[in-house]
**Q** 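Just dropping this structure here.
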Amino acid sequence: MTRKTELIINLLGDSIILFFAFSISWRASAINQSATSQHAIIANLGMLVFWLFIFQSFDLYKTRSQIQIMNGLFSLFKGILLGMVILLSFAYLMNIDFFKAKGFLPSYCILCSSLLIWRFMFWGIVGEYAKKSPRRVIVFKNGENTPAYEGFSAVKEIRFSEMSPDLPRRIFKENKIDGIIIDSNGQAQTNVLNLISQFTEGKYGIFVSPKLYPLVYQHFLIKKVPDSNLLQIIFHPLSAWDRFLKRVTDIFISLTALLVLFPLMGAIAILIKIDTPGPIFYTQKRVGFRGKKFLLIKFRSMIQDAEKHTGPIWAKKNDRRITRMGRIMRPFRLDELPQLFNVLIGDMSFIGPRPERPHFVSRFVNQIPLYPLRQTVHPGITGLAQVKYSYDQTIEDVKRKLDYDLEYINNISIRLDLKIFMKTALTVLKRQGAH
């Protein structure tokens, strides 16, 4: 069974079940319109799109080879639970009483049980009897013969010597692939790390041969590929549910903080205006998630046009460009408060690697292997590197902080975010690492 056929059957089965669940709910409600009326059809289509979006966000339309049945069923249950919470919240805000519609609870009990049974049967049948299509991959190697990997089909082979900065973009444009295999004798470690970095922004699998096990164990989370001696590198350990919770937490914290700190931020704005001529806020272009550029907002803590004659440079201890208000704000990170707006609109998270300027990113990408991995998560106001290390002053500082950023990315969780948040509060109170 091809991936396309499997996807069509999956979508068709889900859609039929969703259609009947909606029809039962509509017929049992007090609405004086048939289930085939114009309003019912529009509402049914809207609910169908809503639920399919929820299921997609929980990765329920991956191929059978990428899904373990029990994990998939649990993800489906969580998706249904989340969807019902969203629907009930929307109904509450719109003053709609779903519970007066007699068909609501029965229809969603039918929906939940029917979807779980359907997916269990379909995944079981596909996994047991359907022939799995091999994953289409491009193999990167440094000279040796490429062995045949069971479950994979090599559509192209490329030597490390043929690599160029725009190669990943061209590969994904010219070839329909599921991922890449790095088959190396382990001697070209820098080339391997650079290659992995170049492919992190795509939603493709990265698999490595046995000779690279020691290298990838040092830097990445990995998982064994079933029925193969390959390892797959994992860049996004957060599940769809955890990503949703992290985003909700970011919105809640940023909104609450903005409301509570509004008087303080107003007073800071007035004092900055009195202290020195120039704007209250300072905006700077930064590189965020998957290389997207955005404007980071801060309270201005330096003189106006501080880099006019020097170009982009790091701040130094006892920097003469820092204003009087800046010397008060920076030890307590008060100049960072406007970044709560960046978190609210989704450019940043509350916890994550600090976003860097494009000038420095282009420089570090060429000098430091794995630096692009920082862009696989949203940047943050604070992060593990900020609570464990000081400001950047040399390229070695950047490398050391990258180690902490990768440690965070490989172990990212809501629990770790909470721990970093508490450490940040202690760091600020102790006035550590600021200048």
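Along the sequence shown, residues are numbered consecutively beginning with 1. All values below come from the heavy atoms of this structure, side chains included, with hydrogens, waters and symmetry mates left out.
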**Q** K401 vs E356, test: salt bridge (Lys or Arg N to Asp or Glu O under 4.0 Å). Steps then yes/no.
**A** CA-CA 12 Å; K401 291 180 76 171; E356 190 53 88; over 6 Å; no

**Q** How far apart are the C-alpha atoms of D397 and R400, what are their side-chain angles, what is the distance that settles it, and do they pass the salt bridge (Lys or Arg N to Asp or Glu O under 4.0 Å) test?
**A** CA-CA 5 Å; D397 291 334; R400 189 71 185 94; over 6 Å; no

**Q** Count the heavy atoms belonging to other residues, nucleotides or ligands that lie under 6.0 Å from NZ of K62, then report whether that count exceeds 12.
**A**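 More than 12 heavy atoms, drawn from other residues, nucleotides or ligands, come within 6.0 Å of this atom.
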
**Q** Suppose we screen for side chain to side chain donor-acceptor pair (under 3.5 Å). Which residues come up paired with Y61, at least two apart in sequence or across chains?
**A**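 Per chain and number, Y61 pairs via side chain to side chain donor-acceptor pair (under 3.5 Å) with D14.
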
**Q** For the CG atom of D405 and the CD atom of Q375, what is their distance to the nearest 0.5 Å?
**A** 11.5 Å

**Q** Walk me through it: do M348 and I381 pass the test side chain to side chain contact (heavy atoms under 4.5 Å, CB included)?
**A** CA-CA 7 Å; M348 297 174 63; I381 294 179; 4.0 Å; yes

**Q** Search all heavy atoms of L193 against all heavy atoms of H219 and return the closest pair with its distance.
**A**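 Of all heavy-atom pairs spanning L193 and H219, the closest is CD2-CD2, 4.0 Å.
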
**Q** What pair of heavy atoms forms the shortest contact from L337 to M265, and how long is it?
**A** CD1-CG, 4.0 Å

**Q** Working to the nearest 0.5 angstrom, can you tell me the gap between R324 CZ and S301 OG?
**A** 14.5 Å

**Q** If you measure from CD1 on I345 to CG on D250, what distance do you get to the nearest 0.5 Å?
**A**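 Atom-to-atom, I345:CD1 and D250:CG are 12.5 Å apart.
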
**Q** Can you find a heavy atom in the side chain of R286 that is under 4.5 Å from one in the side chain of P379?
**A**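 A side-chain contact is absent here, since even the closest heavy-atom pair is not under 4.5 Å.
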
**Q** Between E6 and F122, is there a side-chain heavy-atom distance shorter than 4.5 Å?
**A** yes

**Q** Which atoms form the tightest heavy-atom contact between I80 and L115, and what is the distance?
**A** CD1-CD1, 4.0 Å

**Q** Can you see which heavy atom on N411 is nearest to which on L416, and at what distance?
**A** O-CD2, 3.4 Å

**Q** Would you give the length of the straight line joining atom OG1 of T323 to atom CD1 of I328, rounded to the nearest 0.5 angstrom?
**A**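 Output value for this atom pair is 8.5 Å.
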
**Q** Compare every heavy atom of L344 with every heavy atom of R247, then report the nearest pair and how far apart it is.
**A** NH2-O, 2.8 Å

**Q** Hey, does F53 have a side-chain heavy atom less than 4.5 Å from the side chain of Q56?
**A** no

**Q** State, with a plain yes or no, whether a side-chain heavy atom of I17 is found less than 4.5 Å away from one of L111.
**A** yes

**Q** Classify the angle between the aromatic ring planes of Y217 and Y213 as parallel (below 30°), tilted (30 to 60°) or perpendicular (above 60°).
**A**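 Correct class here is perpendicular.
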
**Q** Find the distance between CG (L370) and CG (L406) and round it off to the nearest 0.5 Å.
**A**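 With rounding to 0.5 Å, CG (L370) is 6.0 Å from CG (L406).
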
**Q** How about F350 and S254: do any of their side-chain heavy atoms sit closer than 4.5 Å?
**A** no

**Q** Hey, is CZ on F120 packed in by over 12 heavy atoms from elsewhere, all under 6.0 Å?
**A**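 No - once you tally the heavy atoms of other residues, nucleotides and ligands closer than 6.0 Å, there are 12 at most.
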
**Q** Before we go on, tell me: are the rings of Y282 and F299 under 6.0 Å apart, centre to centre?
**A**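 No, the ring centres sit 6.0 Å or more apart.
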
**Q** Listed by chain and number, what are the salt bridge (Lys or Arg N to Asp or Glu O under 4.0 Å) partners of D417, not counting sequence neighbours?
**A**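 Per chain and number, D417 pairs via salt bridge (Lys or Arg N to Asp or Glu O under 4.0 Å) with K246.
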
**Q** Atom CZ of R374 and atom OH of Y408: how far apart are they, to the nearest 0.5 Å?
**A**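 Going from CZ on R374 over to OH on Y408, the span is 12.0 Å.
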
**Q** State, to 0.1 Å, how close F421 and I351 come at their nearest heavy-atom pair, and which atoms those are.
**A**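 Result for this residue pair: N-CD1, 4.2 Å.
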
**Q** Can you check side chain to side chain contact (heavy atoms under 4.5 Å, CB included) on F341 and L258, steps first, answer last?
**A** CA-CA 8 Å; F341 289 106; L258 285 169; 3.8 Å; yes

**Q** Does any non-hydrogen side-chain atom of I177 lie less than 4.5 Å from one of V137?
**A** no

**Q** Are the side chain of K273 and the backbone of I268 linked by a donor-acceptor contact shorter than 3.5 Å?
**A**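 Looks like no, no N/O pair under 3.5 Å.
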
**Q** Would you please say whether a donor-acceptor pair under 3.5 Å links the side chains of T276 and R300?
**A** yes

**Q** Show your reasoning for whether side chain to side chain contact (heavy atoms under 4.5 Å, CB included) applies to L231 and L212.
**A** CA-CA 9 Å; L231 291 180; L212 293 174; over 6 Å; no

**Q** Does the pair Q284 and K298 meet the rule for a side chain to side chain contact (heavy atoms under 4.5 Å, CB included), with working shown?
**A** CA-CA 8 Å; Q284 195 175 65; K298 300 176 71 173; 5.8 Å; no

**Q** Is the shortest heavy-atom distance from the side chain of R119 to the side chain of L60 under 4.5 Å?
**A**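 SC-SC contact between R119 and L60 confirmed.
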
**Q** Under 4.5 Å between any side-chain heavy atoms of L76 and W118, yes or no?
**A** no

**Q** Under 6.0 Å from the OH atom of Y404, do we count more than 12 heavy atoms belonging to anything else shown?
**A**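 More than 12 within 6.0 Å, yes.
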
